[in-house]
Amino acid sequence: MPEPGVPRRVTARSSAVEVMTDLHRVPAATIPAEMSLDDARQAMILRGVRMLLVTDDRRAVKGLVTASDLLGEQPVMVAQSRAVAVADLAIADIMTRVDAVEAFALRDVLNAHVGDVVSALRLLGRQHALVVEPSEPGLPAHIRGVFSASQIARQLAIPPFVGEVARTFAEIEAAIGA
């Protein structure tokens, strides 16, 4: 039996559900859209995550932000285009809108294997993907879970497999301080 907090080892043939963060079991890591970029970086470090869901004042998910978004060139480009300092930007300025995020239907995930998820993330060139399930008729699907390439790599005991990713929080903190 694995230790609490230690991800269970999987293989490419394991059920995809074994590498999904199920938001019915684990509280979603969220931040408000108006949060500063520095505060969001600190929230990631404190929570031990590389992605946060971005919510509005009603706690509805409006988008997501990743460590790559915060540490990449996007904040600088947005700040330059608006003629403001990066420190003046809010998460809403750089987040990926929820309707632009790759999402897998829960019914498909239930029939998929870990290798299928790895292939899809590689093909999409993404570190994260959402898992959605239908809600009431006429309402948008709701987010049921999240796939994280770095978590999947840890569970498979392989190196990160999508893009350049900081592997430790020390690397993230070093990049933030740079």
Side-chain angles (χ1 to χ4, degrees), residues 7 15-37 39-45 47-78 81 89-156 160-166 172:
S15 172
V17 174
E18 292 190 49
V19 295
M20 178 184 89
T21 300
D22 187 340
L23 298 180
H24 282 190
R25 295 186 176 148
V26 176
T30 64
I31 56 170
E34 65 274 1
M35 181 178 272
S36 75
L37 306 189
D39 287 345
R41 283 190 280 272
Q42 287 304 315
M44 282 185 187
I45 291 167
R47 293 177 184 172
V49 298
R50 292 187 174 106
M51 186 212 66
L52 296 164
L53 296 174
V54 181
T55 59
D56 64 13
D57 56 352
R58 295 183 190 169
R59 304 229 354 114
V61 176
K62 294 301 179 184
L64 63 82
V65 66
T66 67
S68 297
D69 296 333
L70 292 170
L71 300 174
E73 62 188 34
Q74 185 180 7
V76 173
M77 292 173 53
V78 170
S81 73
L89 296 177
I91 288 301
D93 297 320
I94 67 157
M95 73 178 187
T96 302
R97 291 173 39 101
V98 73
D99 57 3
V101 176
E102 282 74 18
F104 304 118
L106 180 61
R107 69 180 175 279
D108 295 333
V109 170
L110 294 173
N111 297 310
H113 296 102
V114 172
D116 301 325
V117 176
V118 169
S119 295
L121 290 173
R122 277 185 173 144
L123 182 68
L124 295 167
R126 296 293 191 176
Q127 289 290 321
H128 300 91
L130 301 177
V131 178
V132 296
E133 65 181 339
S135 58
E136 296 178 32
L139 294 176
H142 78 274
I143 301 169
R144 171 61 186 268
V146 178
F147 285 121
S148 163
S150 59
Q151 176 183 317
I152 295 169
R154 281 192 302 276
Q155 287 184 256
L156 286 168
F161 55 84
V162 180
E164 291 292 320
V165 178
I172 292 172

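Judged as a side chain to side chain donor-acceptor pair (under 3.5 Å), and not counting sequence neighbours, E34 has no contacts. Every residue meeting the side chain to side chain donor-acceptor pair (under 3.5 Å) condition with R59, not counting sequence neighbours, appears here in chain and number order: T30. Partners of D39 according to the salt bridge (Lys or Arg N to Asp or Glu O under 4.0 Å) rule, which considers only residues two or more places apart in sequence or in another chain, do not exist here. In this structure D108 satisfies the salt bridge (Lys or Arg N to Asp or Glu O under 4.0 Å) test with no other residue, sequence neighbours excluded. Residues that satisfy the side chain to side chain contact (heavy atoms under 4.5 Å, CB included) test with V61, not counting sequence neighbours, are L53, T55, V98, I143. Shown here are the side chain to side chain contact (heavy atoms under 4.5 Å, CB included) partners of V78, two or more places apart in sequence or in another chain: Q74, R82, L89, D93, I94. Contacts of P134 classified as side chain to side chain contact (heavy atoms under 4.5 Å, CB included), with partners at least two apart in sequence or in another chain: none. Under the rule for a side chain to side chain donor-acceptor pair (under 3.5 Å), the partners of T21 that lie at least two apart in sequence or sit in another chain are Q151. Every residue two or more places apart in sequence or in another chain that forms a salt bridge (Lys or Arg N to Asp or Glu O under 4.0 Å) with R97 is listed here: D99. Under the rule for a salt bridge (Lys or Arg N to Asp or Glu O under 4.0 Å), the partners of E102 that lie at least two apart in sequence or sit in another chain are R126. Scanning for side chain to side chain contact (heavy atoms under 4.5 Å, CB included) contacts around A112 gives A16, D116, with sequence neighbours left out.
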From CA spacing to verdict: side chain to side chain contact (heavy atoms under 4.5 Å, CB included), R50, Q127
CA-CA 9 Å; R50 292 187 174 106; Q127 289 290 321; over 6 Å; no
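Looking at every heavy atom in both residues, V49 comes nearest to A29 through CG2-CB, 4.4 Å. Among all heavy-atom pairs drawn from V109 and M20, the shortest one is CG1-SD, 4.4 Å. For A40 against L52, the heavy-atom pair with the smallest separation is O-CD1, 3.8 Å.
Remark: of the listed residues V101, I31, I91, V101 is the sole one forming a side-chain contact (heavy atoms from CB on, under 4.5 Å) with L64.
Applying the salt bridge (Lys or Arg N to Asp or Glu O under 4.0 Å) test to residues at least two apart or on different chains, the pairs with a partner in residues 15-33 are R8-E18, D22-R144.
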